[in-house]
Structure formats: structure tokens, C-alpha cells
Amino acid sequence: MAYRIPFNRPCLTGNEQAYMLEAVARGHLSGDGEFTRRCCALLQRKLGAPGVLLTTSCTHALEMSALLLNIVPGDEVILPSFTFVSTVNAFVLRGARPVFADIRRDTLNLDETGLARLVTPRTRAIVPVHYAGIGCEMDAILELAAAHGIPVVEDNAHGLFGTYRGRQLGTLGQLGTQSFHETKNVTCGEGGALVINDPALVERAEILREKGTNRSRFFRGQVDKYTWVDIGSSYLPSDLLAAFLHAQLESYDSILEQRRRVWERYRVMLEPLAERHGIVLPVVPAHCEQTYHMFYILLPSLESRQALIAHLKTLGILAVFHYLPLHLSDMGRTYGGRPGDCPVTEEISDRLLRLPFYNDLSEQEQREVVDTVSEFFESRG
Ligand SMILES: Cc1ncc(COP(=O)(O)O)c(C=O)c1O
């Protein structure tokens with residue numbers, strides 16, 4: 001079904017097609033060509049990280065993280081139940097047992113105050129997710145992780161160039177993972193990046209990404225032939241995608257400004273409704289610079305959330321919910337997940353609604369969305 005106001009619309013910034021044609025003209029269509037190099041250089045410079053590798057997705061950057069940390073069967077990995085399935089699958093694929101943490105009521109991020117009691121001698125990683133591009137309480141998380149010698153992998157799918165106390169999200173743990181999926185602020189359709197903050201992991205990351213070979217060293221002239229040196233897979237995106245991505249990365253400031261405007265307009269338009277109808281708006285702590293990745297609202301109940309989605313749909317407006325608590329999914333239950341384990345996650349997951357959000361969403365379209373939400377509540381008295 002085509003929606004008058006879709007949930008997401010990929011937005012071009014101008015140079016995508018020209019750069020893709022240039023990639024074709026350069027005759028290097030596979031991974032690690034000129035545009036991959038440019039993207040990595042830009043990301044590395046802006047993030048100030050020792051290593052950045054483009055990957056085929058954030059999912060694959062997470063899988064590389066699990067490989068780099070040598071996760072083996074029986075290891076435990078702590079992560080929020082309120083996240084996308086890739087956060088957990090990457091580690092479960094290596095045989096890890098997920099340990100699900102609840103989230104904070106304000107930012108919907110991993111609740112750092114409940115972390116200590118989840119740590120056991122088998123904990124091998126903590127994976128905070130910077131939900132909606134708003135930083136988790138990283139000081140407390142990093143302190144606890146350091147006290148126990150546990151690596152931290154930041155799932156930063158939503159938070160490229162967001163900051164926590166002035167520091168770039170994705171650069172605070174040993175590893176950070178980015179997404180360039182169509183729904184993200186900066187996109188190439190499908191894509192991602194692994195941010196490597198521990199210099200000791202950079203060389204092995206290159207090898208894992210190149211099918212377990214030292215091909216990258218060979219191309220730098222550091223070895224005279226390349227060969228199989230480790231396990232690995234193929235996590236390189238084509239340089240055609242990197243060309244598209246480079247155009248988007250170069251235009252990041254204007255993308256952010258457009259999204260900031262859309263986010264602020266929603267906030268201003270929805271504030272009076274929130275007070276009247278018990279809707280909760282996003283909370284952004286003063287020490288976090290957010291990425292304006294999404295605008296969500298919390299409805300009073302599951303029933304009102306579902307009814308509002310249906311009402312918006314009848315008027316051609318697509319609003320969506322996510323995430324279903326992972327600990328209560330079919331897979332989560334096989335790891336012992338039970339109702340009541342993560343009470344805030346369970347409640348928020350029922351009440352959260354994401355409104356249409358894309359760079360060029362117009363003020364008129366936003367007015368329509370907000371008027372429809374308003375009518376919905378007025379009609380219910
Ligand atoms: C928190 C989180 N992590 C990981 C991913 C996976 O990203 P990708 O589609 O690039 O694999 C997503 C996708 O939406 C996500 O929301």
C-alpha cells in the first residue's frame with residue numbers, strides 16, 4: 001500500500017549518482033576502492049578513531065565484533081532487551097548466551113543502574129545501544145566494564161556523530177558499529193561500518209573482513225603474497241555503494257540540520273497535546289548531542305497505540321512501532337526470558353509509536369500528522 005505520508009523516504013543529497021558513475025568509470029566495482037577509502041578517511045577523521053572499516057551492514061559489523069572478541073559457546077553477553085534483533089544475533093551466532101538488561105524510563109537506553117547484578121564470571125561483552133541516537137550513560141557503563149575487564153561494543157546504528165559528554169558515540173567502547181541502512185540518517189541502501197577504538201584490534205579486523213586473509217597488508221605492500229591466516233568472511237561493500245555513501249557523508253551537516261528542523265517542529269507541535277492527553281515525548285539529557293534519528297511518542301496504553309496506528313493508516317499516514325522485547329521472543333524464551341524480567345521494556349514496547357520522519361518531511365505534512373493525532377484523542381474524549 002502506498003502511503004500519502006510514508007514512514008521513511010530515502011533522500012538524496014545531490015552527488016550520489018555522479019559519484020556512482022565516477023566509481024564505474026574508475027573500473028573498480030568491488031570493495032576497498034577509491035570511494036571506500038574516502039568514506040573511511042572521512043569517518044576516521046570526524047570520529048577520531050584508530051580504525052574504521054566499511055561493512056555490508058551494521059549487522060555484519062556486530063558479527064565482526066563478536067569474532068574479534070573471540071566469543072565462544074558458554075560466554076555471556078549483556079545487552080538491552082529493547083533493541084533490534086541483530087544486536088543479539090551477532091553474539092548468539094558464536095554460541096553466546098544473551099543476558100537481557102532492562103532500559104531507563106527517560107531515554108529508553110540500557111539501564112546502567114541494573115548492570116552490575118547481571119555481570120558473572122562468564123560475561124564477555126556489554127553491548128549498549130544508543131537508542132534514537134541519544135547516548136547511553138557511558139561513564140557508568142565503561143567504569144563497570146573496566147572494573148571487570150569486560151569489553152564494550154557500542155551498537156551505534158542510530159547515533160553516527162552523536163556525542164556523550166562531548167565524546168563521539170561509537171568511539172567509547174573497544175568497538176562501535178554503524179548502520180547505513182535506508183532508514184538511517186546517512187545511507188547507501190544497505191551498509192555499515194565497524195569503528196575500532198582499540199588499536200590492537202585493527203589488523204585482525206581487516207583480516208576477518210577479507211575472508212580471513214591478509215589481503216589488505218598485501219595491497220599496502222607489507223607482505224609479498226596474501227594467504228589464509230585466520231577465520232573470516234566477506235564483509236566489504238562494493239565501491240559503488242561507497243560512492244553513494246560518500247555523497248551522503250559529505251552532506252552530513254545539511255542532513256542533520258534538516259532532521260533537526262523536523263524533530264523540533266514535532267516537539268513544538270506535540271507539546272500541548274502531550275500535556276492534555278498523557279503522551280510522553282522523547283527526553284534528551286543536556287550532556288547528549290542527539291542525531292535526530294527518529295521521533296517517537298509514548299501513548300497511554302497498548303490499546304491507544306494500536307488504535308492510533310489504525311486511525312493514521314485510514315488517512316494514508318504510516319506510523320510504526322518497535323521493538324518487541326527480545327527476552328519474550330521465541331528465541332529469547334529459549335534462553336529463559338519470562339514476562340516481568342524487564343518491566344520497563346515490556347511496558348514501553350507496548351506504548352511506543354514512531355511518527356513519519358525523513359529529511360524533507362514538510363511542515364505541512366507534519367501538521368497533518370499532528371492534527372490527525374489530535375483528532376484521534378479529541379474523538380475519544
Ligand atoms: C539498534 C540497531 N542495531 C542494528 C541494526 C542493524 O542494522 P543493519 O540493517 O545495517 O544491519 C539496526 C537496524 O535498524 C538497529 O536499529
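When a residue number appears, it is its place in the shown sequence, counting from 1. What you see is a predicted model, and the numbers here were worked out from it, not measured in a lab.
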When you check the gap from the basic side-chain N to the acidic O, do Glu363 and Arg367 get nearer than 4.0 Å? no
Could you check whether Phe82 and Tyr323 have their ring centres less than 6.0 Å apart? yes
Evaluate ring pair (Phe, Tyr, Trp, His ring centres under 6.0 Å) for Tyr19 paired with Phe35, printing each intermediate quantity in order. CA-CA 8 Å; Tyr19 286 179; Phe35 283 101; 5.5 Å; yes
Geometric cation-pi criterion, Arg305 with Phe321: 6.0 Å, 45°: yes
Check ion pair Asp230-Arg204 (N to O, under 4.0 angstrom): yes
Apart from Leu169 itself, residues in the same hydrophobic cluster as defined by side-chain heavy atoms under 4.5 Å: Ile78, Val99, Leu110, Leu115, Leu118, Val119, Ile126, Met138, Ile141, Leu142, Leu144, Ile150, Val152, Tyr164, Leu172
Pairing of Arg220 and Glu206 as salt bridge, 4.0 angstrom limit: yes
With a 4.5 Å cut-off on side-chain heavy atoms, are Leu175 and Leu194 touching? yes
Checking Arg265, Arg4, Arg9 against Glu365 for salt bridge (charged side-chain N to carboxylate O under 4.0 Å, His left out), the one that qualifies is Arg9
Taking side chain as C-beta onward, heavy atoms only, is Leu108 less than 4.5 Å from Val283? no
Would you say Leu273 and Val373 make side-chain contact, with heavy atoms under 4.5 Å? yes
Please determine which of Val370, Leu270, Leu318, Ile5 meets the side chain to side chain contact (heavy atoms under 4.5 Å, CB included) test together with Leu355. Leu270
Mind checking what makes ring pair (Phe, Tyr, Trp, His ring centres under 6.0 Å) contact with Tyr252, not counting sequence neighbours? Phe161
Keeping Ser81 on the side-chain end and Asp102 on the backbone end, is there a donor-acceptor pair under 3.5 Å? no
Using the six-membered ring wherever Trp is involved, compare the ring planes of Tyr266 and Phe295 and label them parallel, tilted or perpendicular (cut-offs 30° and 60°). tilted
Is any side-chain heavy atom of Thr177 closer than 4.5 Å to a side-chain heavy atom of Glu154? no
Using a 6.0 Å distance limit plus a 45 degree cone around the ring axis, check whether Arg209 lies over the aromatic ring of Tyr235. no
Between Arg217 and Glu203, is there a side-chain N and carboxylate O pair less than 4.0 Å apart? yes
Check this for me: does any side-chain nitrogen of one of Asp139 and Arg165 sit under 4.0 Å from a carboxylate oxygen of the other? yes
Got Arg351 and Val280 here, is their nearest side-chain heavy-atom distance under 4.5 Å? yes
Minimum heavy-atom distance between Ile255 and Gln248, given as atom pair plus value: CD1-O, 3.6 Å
Can you tell if the side chain of His181 reaches within under 4.5 Å of the side chain of Cys188, non-hydrogen atoms only? no
I'd like to know if Glu190 pairs up with Lys184 as an ion pair, taking the criterion as any Lys NZ or Arg NE/NH1/NH2 lying under 4.0 Å from an Asp or Glu carboxylate oxygen. no
Passing candidate, side chain to side chain contact (heavy atoms under 4.5 Å, CB included) with Glu289, options Thr163, Ile134, Leu256: Thr163
Taking the six-membered ring for Trp, are the ring centroids of Tyr296 and Tyr131 within less than 6.0 Å of each other? yes
